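Naming: A, B, ... by sequence-line order, numbering from 1 per chain. None of the values given here were measured: they were computed from a predicted structure. For the numbers below, each heavy atom of this structure counts, side chains included, while hydrogens, waters and symmetry mates do not.
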2 protein chains.
Amino acid sequence: MTQKMNTEARREQIAGAALKLLAERGSEGFNIADLAESVGLVPSAIYRHFEGREDVLDAALDVFRDRVYGLVEAARNETQDPLQALELLLTRHARLIESGGAVPHIMASMSAPEGHAARRAKTERIFAGYVARVEELVRDGQESGQVRSDINAATVAVLFAGMIQPAALLRHAEGERFDITAHVARVWELFRRAVARD
Amino acid sequence: MTQKMNTEARREQIAGAALKLLAERGSEGFNIADLAESVGLVPSAIYRHFEGREDVLDAALDVFRDRVYGLVEAARNETQDPLQALELLLTRHARLIESGGAVPHIMASMSAPEGHAARRAKTERIFAGYVARVEELVRDGQESGQVRSDINAATVAVLFAGMIQPAALLRHAEGERFDITAHVARVWELFRRAVARD
DNA sequence: TTATGATGTGAATATGGATTCACATAGAGG
DNA sequence: CCTCTATGTGAATCCATATTCACATCATAA
């Protein structure tokens, strides 16, 4: 028998594994059997720690949120320079995606079916929260004079998110062939030119 | 009984309806019963015109591809000015999204499960084809001297796609509250500054 | 007008996964 | 060392959908 664990540790382990599967296959391809196998358990064991499938997905989204928001926090703490923080953030995203992290198909959960409105709402909140955090960074940049003040911070934040999403998609589609690090470096230059005060 | 139609017309009708549902709910929430109802048929009738669910999704993706590529063609034909064509294209995307068109969650099909590799591959091809077309427009712009020639056309094309995806997501999430037209107008200015030769 | 095939219908049937349940056992606390 | 409860297991069961099938009916063309 697989070694027993207390439910708190197990929950975290399962949620993490679920996020990984979710990132690989999207919520459509996500199923309890594979999840259980990926943590060395039998399907029914999952129910010792979660109410059911939706509960697992909910927990996975929590992990996702913490990880992504954590990325923003880390970038913020690493430098006082807001523009540099954004660049750092972008790079970290690239690294996370490269390591099969997540991000792309998670957001696809936003298109969750009617019945799973809660999941959808949660994903939307996470995305909105992310954009809001980036927006704040942009505002800081405007106050520090590095970012043009004649542009809308929210718009910039959405554009920033737009640098990540398609890259993640391409990475998922083309795999190794797509050099996300190089792409991100190039697209950053474009972004900088768009938003930096000359 | 619902009026009979010859299979060609019916197929088109069904594929169009399927695309609509897909855009609203994603492939996870897509089911034959709702599809049938949306065209005033009974579920089993769908099988008179399609092999099965995957076949329907395949046809819906065809409609999507034609529509999106058509947008690019239309923008191209409307003006000789490549940069203006891109702006037109962006605006048209916004309008398509606004009218509940599609785009966002379709691309989420890229995360189709293992078993549906064909669907996934097809979606990837469509996305790649879209980016390639935009890239060509960017190249034209570089040749005409409107777009900086020291930047990578492919990178610009991906960034362009990145202006649309998150906007579509937000539109889906926030609905009317998100003024996609206004957003697109603002983000276009950013994009222009990033890529236009001064 | 009528014969015929194509299209539509409703009632099965099939299937893949989630969920439940009765039973087994590890492992923490006394 | 013993007990008792939380955790793990395998075998059902349930359920939502896809899919099939026998039958009905419309559309068309001879």
Do A/Arg10 and A/Gln13 have side-chain N/O donor and acceptor atoms under 3.5 Å apart?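 Yes - a donor-acceptor pair under 3.5 Å links their side chains.
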Can you list the residues that meet the ring pair (Phe, Tyr, Trp, His ring centres under 6.0 Å) rule with B/His116, with sequence neighbours excluded? none
Could you tell me whether B/Phe30 contacts a base, only the sugar-phosphate backbone, or nothing, with contacts defined as non-hydrogen atoms closer than 4.0 Å?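 Sugar-phosphate, backbone atoms only, no base.
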Regarding [X] and [Y], does a basic nitrogen lie under 4.0 Å from an acidic carboxylate oxygen?
X	Y	result
A/Glu28	B/Arg119	yes
A/Arg171	A/Glu176	yes
A/Glu143	A/Arg139	no

Using whole Å, report how far [atom1] of [X] lies from [atom2] of [N].
X	N	atom1	atom2	result
A/Gln13	D/dT7	CD	P	13 Å
B/Asp55	D/dA18	CG	P	14 Å
B/Ile46	D/dT20	CD1	P	14 Å
A/Arg11	D/dG8	CZ	C1'	17 Å
B/His116	D/dA18	NE2	P	11 Å
A/Arg10	D/dA6	CZ	C1'	12 Å
B/Glu54	D/dT19	CD	P	9 Å

Using the six-membered ring wherever Trp is involved, compare the ring planes of B/Phe160 and B/Phe191 and label them parallel, tilted or perpendicular (cut-offs 30° and 60°).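 Perpendicular.
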Can you give one letter per nucleotide of nucleotides 24-30 of chain D, going 5' to 3': B for a protein heavy atom under 4.0 Å from the base, S for sugar-phosphate only, - for none? -BBS---
Hydrophobic cluster identity match, A/Val39 and A/Phe30, side-chain contacts under 4.5 Å: yes
Take a 6.0 Å sphere around CD of A/Glu174 and say whether it holds more than 12 heavy atoms from other residues, nucleotides or ligands. yes
Does A/His49 make a side-chain N or O approach to OP1 or OP2 of D/dA6 shorter than 4.0 Å? no
Is the cationic atom of B/Arg133 (NZ for Lys, CZ for Arg) positioned less than 6.0 Å from the six-membered ring centroid of B/Tyr69 and within 45 degrees of its normal? yes
Start and end of the DNA chain C segment that chain B contacts, any atom under 4.0 Å from a heavy atom: C/dA6 to C/dG10
